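FYI, the numbering just counts along the sequence from 1. Since the structure is predicted, the reported quantities are computational estimates derived from the model, not experimental observations.
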Amino acid sequence: MESKKYSIDKIRNIGIIAHISAGKTTSTERILFYTGRIHRVGETHEGTTQMNWMDQERERKITIVSAATTCFWRDCRINIIDTPGHVDFTAEVERSLRVLDGGVVVFDGVEGVESQSETVWRQADKYRVPRFCFINKLDRVGANFDYSLESIKTKLGVKTVVVNFPIGNAADFSGLVDVLKMKKITWEDEMGTKVIEEDIPEELLPKAKEYRRQLVEASAEADEGLMQKFFEGTELTYEEIIRGLRQRTINFEIVPVLSGTALKNRGIQQMLDAIIDFLPSPLDLPPVKGINPKTKEEEERKPLSTEPLSLLAFKVQADPFVGRLTYLRIYSGVLKSGSYVINTSSGTKERISRLLRMHANDREEINEAEAGDIVGAVGLSSTTTGNTLTEESRPLILESIGFPEPVISISIEPKTKADQEKLGMALNKLSDEDPTFKVRSDHETGQTIISGMGELHLEIIVDRLKREFKVEAGVGTPQVAYKETIKKSIEQEGKYIRQSGGRGQYGHVLLRLEPLERGAGFEFEDAIKGGSIPGEYIPAVEKGVKEAMEKGVVSGYPLIDIKVTLFDGSYHEVDSSELAFKIAAADALREGAKAAQPILLEPIMKVETVVPEEYVGEIMGNISSKRGQIEGSEVRGNVRSITALVPLSEMFGYSTILRSLTQGRGNFTMEPSHYQEVPPSITEQIIAGRKR
């Protein structure tokens, strides 16, 4: 591996993001091949890729964890993160996008924009990640560049500029037209290593000239100098066009579109050029902002090695070779192996015992890394995903990473006494790695309950327990992670008074409970005036409220979307204690929630089913029978895609039903959409089931 130092303007931190099976991992493999990182191309379908290194990924032919790697092109260092497409692993995409500077969004040339393409696009919008599109698989039967391009414009609502387009679709795909250079591109050999540039054939010139006009016009709008030159009719130089397109891509004003087929090694060198030409270096982006924990003021750090050190931990992994491995994005300063840092999120001091440059699950030891880099660190024992690390004298807390709540749970039981001890340790490690994987004990049944984002997510967890941690465990049937909330506001008193020889207990609170909007979470407000409850007891009140919310009042599910205001109460000079206030608050919350029209909420999934036209009627009928609301449908070639909102509880076993209804020709994807109220008749069934 090159040990040469790269200046920060020569660094690109990019992610390859897409819908499941659009070709992300295959594209990444080709990038590694053309940049000389690997000398033999691995294939997803053969289970030989570098980036899908877990056994589970190779068997299922999907990406589960985001893998990081480094490669070099045109004298630049490219740090790449290959992310999962399957929505059960949305946390991996979320955390990768939080630390990326740019993205390559890959689309299937047959399907165009699919449901999860929209999801990852929205996630990239949320983290303000500049990106370009690569329309892949143009050699597949049914591939259509124009259809895919149109779907990007209409469904994602973006202004596109075509940088290159295919010569022929599907079996006729034979090369590309490079609109920037106005050349026809073909390849000498099957591996596509030698690129041949020739004149564009006559019949393709009108299309090429039209795309060229749009490209130059889009570029000229970047600044007044280019605009003036353009209006005067002076030809913009190649460098000026690139500069203008780059600026407008980084400003989210345009989205360049490229095409090719990663599997057949076509169009990847052009993708690499586009990464260097259009995507930002850390210097092109605004300085990172954070809160100084001492002054509570906002501060910013420029991406320079001369600035104070600031880094974000975006992933924790149990590595079989080095132990606990933490992936870090360095935003400013220089990080040295053996140095000490402060975790400003938790206040603990940590030592970086080793620094590693990552290549999937291979690693190379380095002594230091600078602003703009992505590295692995060993030795951070208490740092978790989303924590900020800085030098002790200049603390800062960067914006953390938000993760969705799990929607599905199963009970898990160790098979033997030896497995019992190992299970607890293994589950802790796995929840440390994955913020969307939660573990809790059910005090009533004594069972351990694990929760995640979907059936596949939990299936992989159980598989990893068995293989990586050698724990044999039995699992229950999947259960929906219902929630509870209230529909009306109420004020409630809570008292805990005990007198029994010696010191008593006295806690007295008045709480106001109010429903919040769906998805708002929990808010606690201290509105005590005139010291009717001393400040030191307020945290105990909040703790009591939170603990009571964990066990709801309808059917024992957690309460969400509630605002609790502590507005009055009283205390006793001698007998008051934190425990008394905690118990009083918990009682007030429980009694108040019972009187505030409590209801059950269920997770609703956005389901996209793709089936041949002849099965559409049956599938729509089946979705309606599952309390589903059909949102829309569209024709894609010779199949139809049906989008619907369906309660998760109705979706168990759907893949089997779909297979039998469509003779194995249908497929579907689903992702969590929102929580909504459960109909009263179903609520009764759920309560009865819980009682049993």
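In summary, of the residues considered (V105, V104, V106), a side-chain contact (heavy atoms from CB on, under 4.5 Å) with I17 occurs for V105 alone. Paired with I11 under the rule side-chain contact (heavy atoms from CB on, under 4.5 Å), one option of P280, S281, P282, C76 passes, and it is P282. For the pairing with I167, the side-chain contact (heavy atoms from CB on, under 4.5 Å) check across L138, L176, I200, L204 returns one residue only, L204.
With sequence neighbours excluded, no residue satisfies ring-ring contact (aromatic ring centres under 6.0 Å, His included) with Y615. Partners of Y147 under the ring-ring contact (aromatic ring centres under 6.0 Å, His included) rule, at least two apart in sequence or in another chain, do not exist in this structure. Under the rule for a ring-ring contact (aromatic ring centres under 6.0 Å, His included), F230 has no partner lying at least two apart in sequence or in another chain.
One finds the CG atom of N79 at 9.5 Å from the CD1 atom of I14 (value rounded to the nearest 0.5 Å). To the nearest 0.5 Å, atoms CG (D273) and CG (D178) are separated by 8.5 Å. For the atom pair S332 OG and L309 CG, the distance stands at 6.5 Å (nearest 0.5 Å). Rounded to the nearest 0.5 Å, atoms CD (E197) and CD1 (I185) are 5.5 Å apart. Between L279 atom CG and T249 atom OG1 the span is 7.5 Å, to the nearest 0.5 Å.
No side-chain heavy atom of K315 sits under 4.5 Å from any side-chain heavy atom of V99. Contact check for V257 versus F132: no side-chain heavy atoms found under the 4.5 Å cut-off. At a threshold of 4.5 Å between non-hydrogen side-chain atoms, the residues T385 and T326 do not count as touching.
Ion pairing between K10 and E370 fails under the 4.0 Å rule for side-chain N and carboxylate O. R12 has no carboxylate O lying under 4.0 Å from a charged side-chain N of D277, or vice versa, which leaves the two without a salt bridge. Between K194 and D189 no salt bridge is recorded (no basic side-chain N to carboxylate O distance below 4.0 Å). Salt bridge absent: K207 and E210 never bring a charged side-chain N and a carboxylate O closer than 4.0 Å. A salt bridge is absent between R266 and D139; no separation between the charged side-chain nitrogens and carboxylate oxygens falls under 4.0 Å. Under 4.0 Å is where a charged nitrogen must lie from a carboxylate oxygen, and between D199 and K184 no such pair does.
Within 6.0 Å of the CD atom in E198, the count of heavy atoms belonging to other residues, nucleotides or ligands exceeds 12. More than 12 heavy atoms of other residues, nucleotides or ligands shown are found within 6.0 angstrom of CD on E203. By the 6.0 Å contact criterion, CG on D125 is enclosed, its count of non-hydrogen atoms from other residues, nucleotides or ligands being greater than 12. Heavy-atom contacts from other residues, nucleotides or ligands closer than 6.0 Å to CD of Q663 number 12 or fewer. Within 6.0 Å of atom OH in Y238, more than 12 heavy atoms from other residues, nucleotides or ligands are found, so the atom counts as buried in its surroundings. In the displayed structure, R213 atom CZ is contacted under 6.0 Å by more than 12 heavy atoms of other residues, nucleotides or ligands. Environment of CD in E190: sparse, with no more than 12 heavy atoms of neighbouring residues, nucleotides or ligands closer than 6.0 Å.
Closest approach of L285 and P130 over heavy atoms only: CD2-CG, 4.3 Å. Here the closest non-hydrogen pair linking R301 and E307 is CA-OE1, 3.4 Å. Among all heavy-atom pairs drawn from G112 and S151, the shortest one is CA-OG, 3.6 Å.
The main-chain N or O of A369 is never found under 3.5 Å from a side-chain atom of R357 such that the two would form a donor-acceptor pair. At least one donor-acceptor pair closer than 3.5 Å links the side chain of R30 to the backbone N or O of L263. Formation of a donor-acceptor pair under 3.5 Å by the R74 side chain with backbone atoms of I276 is not found in this model. Judged purely by atom type and a 3.5 angstrom limit, R640 has no side-chain atom pairing as donor or acceptor with the backbone of V610.
Using a 3.5 Å distance cut-off with no hydrogens or angles, the side chains of S259 and N164 do pair a donor with an acceptor.
By the 30° and 60° cut-offs, the orientation of the rings of F165 relative to F145 is tilted.
Seen from the ring of Y327, R329 does not count as a face-on cation partner, given the 6.0 Å and 45° thresholds.
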